[in-house]
**Student:** 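Sharing a structure here in structure tokens format.
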Amino acid sequence: MLDKTFDPKDTEGRIYAQWEASGAFKSGRRPDAEPFCIMIPPPNITGRLHIGHALNNTLQDILVRFERMRGKDVLWQVGTDHAGIATQLIVERQLAERQQSRVALGREKFLEAVWKWKDESGGAIIQQLRRLGASADWSRERFTMDEGLSRAVLKVFVELYRQGLIYKDTRLVNWDPRLQTAVSDLEVENIEVKGHLWYLKYPIENQPGRFITVATTRPETMLGDTAVAVHPDDERYKDLVGKNVMLPLAHRTIPIVADEHSDPEKGTGAVKITPGHDFNDFEVGRRHNLPLINILNKDGTLNDNVPEAYRGLSREEARKTVLADLEALELVEKIEPITHAVPHDEKTKTVVLEPFMTEQWYCNVKPLADKALKAVEDGRTTFTPENWANTYFSWLRNIQPWCISRQLWWGHQIPAWYDEEGKIYVAMSEAEAHEQAPGKTLTRDTDVLDTWFSSALWPFSTLGWPDETKELKRFYPTSVLSTAFDIIFFWVARMMMMGLHFMDDVPFHRVLIHTRVLDEQGAKMSKTKGNVIDPLELVDQFGADALRFTLASAAGLARDMRIGPSRVEPNRNFATKLWNAARFCEMNGCATRAGFDPATVTQTANKWIVAEIAQAAAEVTANIEALRFNEASATVYHFVYDVFCDWYLEIAKPIFNGADENAKAETRATAAWARDQLLKLLHPFMPFITEELWARTAEMDGAAPRTSLLIEADWPSAAASGNDAARAEMHWVIDLVKGVRSVRAEMNVPPSVKIALLLKDANDATRERLARQKEVILQLARLSSADAADVLPKGTAQFVLGEATAGLPLGDVIDFAKERTRLEKELKKAHDEIARFDAKLSNENFVARAPEEVLTEQREKRAEAAATAARLKEAVARLAE
RNA sequence: GGGCGGUUAGCUCAGUUGGUAGAGCAUGUCGUUUACACCGAUAGGGUCGGGGGUUCGAGUCCCUCACCGCCCACCA
């Protein structure tokens, strides 16, 4: 006998172990089946499971379990990311606690320490995923720095280098002075801060008493100024162009140049140019051949290119000192308080980044981006929701060279060697580099690659590339990629580029961009705010199933979701409801009957539930396929409560109590069958409780205990059961019961009694009332007079009253109105299409340039559209009869 | 500056090709009958942000305004 409630704590661990032991998660077990593959976004080894992971992995697991039950050969590829900066920071911090440092330790020892840390505590998140029920193929777990993936990274780097797409360049990068490494544009977080705009007066050379005023938010950079720019059309400064100013403090003479970059509307219209420390100024400097002065050391202090008084000062100190000195010279005209965005590091958001002149490795991603754009434009990869394709497009269309080198130690070391003259040799190994440079002494580049470089290869490197493994052949391109919007640039776009370049095909057919998870008040979760919700606490409190179901049902396409205990609790209650429905079945001896054929049932209620199951299966299937998880879960939820519990089981009560033994036996078998189908439909969402019920109901049924696991069961068929008449009849009864308001007093009883009233035991008075209600409802369906206007949906009245439809049943008339509108819409679409093709074909430019086959194709399409239009027109006419 | 999203019941949100507005929670009332108080029945509560348009019919499509949020860019 089942307990009154399900206890997740006691069962989840046991069931998960059973699944793992059974090998159910393993891919490749159905060589003849259609493959289905999802690549997990590899969590950082430094990570702990947060609610966003919980959401993303729940959605992936739903898909994976669903497709597995549908019979596909499923691979959910897992693994972790080495997370260069984050990991290096953690280990450095640990070293600091023991009074050690990375630099003192040296590269080799430090890396040993990192690997040690990784082995000891780097896999926590993978264990946490198991608690959610994630059914990934753990036997294939990979790590971005394991041997195989590292080989893929080397190969990609070497090939891109040989194709001229990877190169070294000296230009401004975003520099993190604390970590002393370059970071890519994407890793810059612009934060609005309160600051000041200082107006500095620069004296004009040979014109004592005359100044040109420039405005700046970073006065300390004036020490690196090499020009002042004004707009060529700016009348105020026209006579100054070509003259020089005396740069204060630095005691240098710098020119005044005319450049479009200068905006007369902004500041004073004159702008100081610091090519060494500003991206725009760098361009201006290039245009005017200005010298570039780097005034910073790698740690952000001022270097020897500034006057002695400022050398060694931090940026903050330098700003104060420079301003004080300028004040003393009365060269500060005014100070305005402003709020402006300042670039910060994305990890801690505490370090101000500096544009800094260094030599770095770059990847020219432009040619790769073009292919990635085309693949989405062509629909070879689609986004859900579609809007995100725009985000993807806009970034790729304006893509900049990707700075791929990082001055860190933890990561894939760049496979480039230098000889004494500094000549570069890029090779798969040191030995190979030596072959290229016989007899030379080679030293390896000390930099490592951006972490996202290896992530970009994930969809094929995890499958064994560059080897041509059977997994690569079978599972690439993968089916669905699920992720949050914030890594479309970092990851999705780069996987597209690398996949298309090296595999000559998209890495995945569909991209699911899910919403973000907020706390119960709708605030973004953050450690500093202390409102972070630990998904595992919710699992402890309500069970993994309840959390999963909550996440799935909140996974709409647009709005951010809010999650917290008050949202999860109702779904724990839902699990209990399901549990008790099964308990009810048990109490009434509903046993799964071997060979039960739902098509053979005879009782109206049983025929009805068979039809409803098919309907629910169809809806759940369609919704999961369309990645509408909220709809899919709502369908099952509604089915369990409103169809199965409230009506079917209630209707079953009088049958179980009655004397008709045949009906009883059939209903027991049907109830057990329906319950089993329900468990299957719900399994992707709530795997634990359904698996447990699957096992427990087999036990209690006594006959032929099930040996199979639910996870391996077949997905319910959505095929129509042919019981539509029974379905309609039951709907009629249900609507009637719901609709009988006038007998509310008598009807304020459970559905079982209502049904009994309707079907059997009603007293005469009630029967009479019910009969009257029935009559009213039946009459409604025959309305054809002016009364219709009051009762009918607005607008349909016209059709009802029109001569063509007079006297026809209401339902038919509404159907007619719907059908006509649909056809007219389609007709309009067809006409629009014709117009489009006509416009195109009459465009001289197009006709002149397009090759003949394109023209033919357009003409054919035009003819097709015209044919469709004609067909629709005829359909409309036919309908009117 | 460019783009995207949101605005629906007291609260949090669904609402897939336009067809008589839904759920959970909260609230009121009644109830404990073969599962379920982590329960059941039932009720109240919405001019779907404002305005305009298309349509027989608009939460849904178009235009416009307002407010909120996010992304990108700029940031003298």
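Naming: A, B, ... by sequence-line order, numbering from 1 per chain. Owing to the predicted nature of the structure, the values given are computational and were not obtained by experimental measurement.
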**Student:** How would you list, by chain and number, every residue that makes a salt bridge (charged side-chain N to carboxylate O under 4.0 Å, His left out) with K349(A), sequence neighbours excluded?
**Tutor:** E189(A)
**Student:** In this structure, how many angstroms lie between the C1' atom of A76(B) and the NE2 atom of H231(A), rounded?
**Tutor:** 14 Å
**Student:** Starting from Watson-Crick (N1-N3 plus N6-O4 or O6-N4) and G-U wobble pairs under 3.5 Å, report the runs of at least three that RNA chain B belongs to.
**Tutor:** B:1-7 with B:66-72, B:10-13 with B:22-25, B:27-31 with B:39-43, B:49-53 with B:61-65
**Student:** Under 4.0 Å from any atom of RNA chain B, heavy atoms only: list the residues of residues 622-630 of chain A that qualify, in numerical order.
**Tutor:** R628(A), N630(A)
**Student:** For residues 335-344 of chain A, which residues have at least one heavy atom under 4.0 Å from RNA chain B?
**Tutor:** A341(A)
**Student:** Give every residue pair that meets the salt bridge (Lys or Arg N to Asp or Glu O under 4.0 Å) criterion with at least one member in residues 633-645 of chain A, sequence neighbours excluded.
**Tutor:** none
**Student:** Using salt bridge (charged side-chain N to carboxylate O under 4.0 Å, His left out) as the criterion, list what pairs up with E625(A), not counting sequence neighbours.
**Tutor:** R70(A)
**Student:** With sequence neighbours left out, write down each residue that passes side chain to side chain donor-acceptor pair (under 3.5 Å) with K577(A), or none if nothing qualifies.
**Tutor:** none
**Student:** List in chain and number order the residues that pass ring-ring contact (aromatic ring centres under 6.0 Å, His included) with F6(A), two or more places apart in sequence or in another chain; answer none if no residue qualifies.
**Tutor:** W579(A)
**Student:** Could you run down the sub-3.5 Å N/O contacts of the protein with nucleotides 7-10 of chain B?
**Tutor:**
from, atom 1, to, atom 2, distance (Å)
U7(B), OP1, R559(A), NH2, 2.7
U8(B), O4, R559(A), NH2, 3.4

**Student:** If the condition is side chain to side chain donor-acceptor pair (under 3.5 Å), which residues does Y202(A) pass it with, not counting sequence neighbours?
**Tutor:** D225(A)
**Student:** Under the rule for side chain to side chain donor-acceptor pair (under 3.5 Å), what residues qualify as partners of R628(A), not counting sequence neighbours?
**Tutor:** N623(A)
**Student:** Mind checking side chain to side chain donor-acceptor pair (under 3.5 Å) for Y392(A) and listing every partner two or more places apart, or none if nothing turns up?
**Tutor:** none
